[in-house]
Amino acid sequence: MPEYTVLTLIGIVAVVVWELAWARTGIFSSARYWLTMAIVFFFQIWVDGWLTKLSAPIVIYEPTEFSGIRFPWDIPIEDFGFGFAMITFTIICWIKFGHREAR
């Protein structure tokens, strides 16, 4: 399995397990979280689509390092998993550790 695909899957699983087993912020049951993710993915589609378009790519992926599946347009699907893991991890940390200063 290609490296980017494997690392993306590890990131997704690690963040979900970390939230459910340790952090327990409850973000997965929050409408605000899912609205945030919808906004992130909306803009990710436009920006990532522009950066990775095969007609004039700015970012070029090594074909052997990802699954080769591109959706929508020319966006490697791994980018969505990576974005999910990165944003979710950041939100969890913000909730879990950000409130300590306010206390």
Side-chain angles (χ1 to χ4, degrees):
M1 188 176 281
E3 184 177 2
Y4 187 38
T5 306
V6 170
L7 292 174
T8 299
L9 292 173
I10 290 170
I12 292 168
V13 170
V15 167
V16 170
V17 167
W18 190 59
E19 163 60 17
L20 297 177
W22 182 76
R24 298 182 187 185
T25 65
I27 64 168
F28 294 142
S29 62
S30 166
R32 286 190 306 177
Y33 167 75
W34 293 108
L35 177 62
T36 300
M37 293 308 293
I39 293 167
V40 166
F41 286 138
F42 173 79
F43 285 102
Q44 182 178 358
I45 288 170
W46 291 106
V47 173
D48 207 351
W50 177 67
L51 291 171
T52 61
K53 63 185 174 207
L54 294 176
S55 62
I58 295 170
V59 177
I60 300 171
Y61 291 83
E62 173 62 41
T64 61
E65 297 302 323
F66 76 105
S67 67
I69 301 169
R70 293 176 177 260
F71 177 82
W73 300 302
D74 299 326
I75 303 169
I77 60 167
E78 288 86 351
D79 285 3
F80 293 102
F82 178 79
F84 167 83
M86 180 178 62
I87 298 299
T88 302
F89 182 73
T90 302
I91 292 171
I92 292 168
C93 288
W94 184 271
I95 293 169
K96 189 74 175 170
F97 304 118
H99 293 293
R100 289 186 180 179
E101 291 180 21
R103 290 184 209 153

Please lay out, stage by stage, how W46 and W73 fare under the test ring pair (Phe, Tyr, Trp, His ring centres under 6.0 Å). CA-CA 10 Å; W46 291 106; W73 300 302; 5.4 Å; yes
Would you mind writing out the side-chain donor-acceptor pairs for residues 53-62 within the sub-3.5 Å range, not counting sequence neighbours?
{"unit_1": "Y61", "atom_1": "OH", "unit_2": "D79", "atom_2": "OD1", "d": "3.0"}
{"unit_1": "Y61", "atom_1": "OH", "unit_2": "D79", "atom_2": "OD2", "d": "2.6"}
{"unit_1": "E62", "atom_1": "OE2", "unit_2": "T64", "atom_2": "OG1", "d": "3.4"}

Give the minimum heavy-atom separation between P72 and I45, together with the two atoms involved. CG-CG2, 4.0 Å
Taking all atoms of both residues into account, what is the closest heavy-atom pair of T5 and E78, and its distance?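 Distance-wise, the nearest heavy atoms are OG1-OE2, 2.5 Å.
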Are [Y] and [X] linked, directly or through intermediate hydrophobic residues, by side-chain heavy-atom contacts shorter than 4.5 Å (ILVMFWY only)?
{"X": "I77", "Y": "M1", "value": "no"}
{"X": "I87", "Y": "L9", "value": "no"}
{"X": "Y33", "Y": "V17", "value": "no"}
{"X": "I75", "Y": "I39", "value": "yes"}
{"X": "W50", "Y": "F71", "value": "no"}

Evaluation steps, side-chain contact (heavy atoms from CB on, under 4.5 Å), between F84 and T8: CA-CA 9 Å; F84 167 83; T8 299; over 6 Å; no
So how far is it from [X] [atom1] to [Y] [atom2], rounded to the nearest 0.5 Å?
{"X": "K96", "Y": "F89", "atom1": "NZ", "atom2": "CZ", "answer": "12.5 Å"}
{"X": "S30", "Y": "I95", "atom1": "OG", "atom2": "CD1", "answer": "7.0 Å"}
{"X": "W18", "Y": "T88", "atom1": "CH2", "atom2": "OG1", "answer": "11.0 Å"}
{"X": "I27", "Y": "I92", "atom1": "CD1", "atom2": "CD1", "answer": "4.0 Å"}
{"X": "I91", "Y": "T36", "atom1": "CD1", "atom2": "OG1", "answer": "5.0 Å"}

Could you tell me whether the side chain of E3 and the main chain of F66 form a donor-acceptor pair under 3.5 Å?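 No; zero donor-acceptor contacts below 3.5 Å.
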One pair to check against side-chain contact (heavy atoms from CB on, under 4.5 Å): D48 and F80. What are the steps and the verdict? CA-CA 10 Å; D48 207 351; F80 293 102; 5.7 Å; no
What verdict does the side-chain contact (heavy atoms from CB on, under 4.5 Å) test give for T25 and W94, after you've listed the backbone C-alpha separation in whole Å, the side-chain angles of each residue and the deciding distance to 0.1 Å? CA-CA 10 Å; T25 65; W94 184 271; over 6 Å; no
Students often mix this up, so state it plainly: with edges at 30° and 60°, are the rings of F82 and Y4 parallel, tilted or perpendicular?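 Ring orientation, 0 to 90° scale: tilted.
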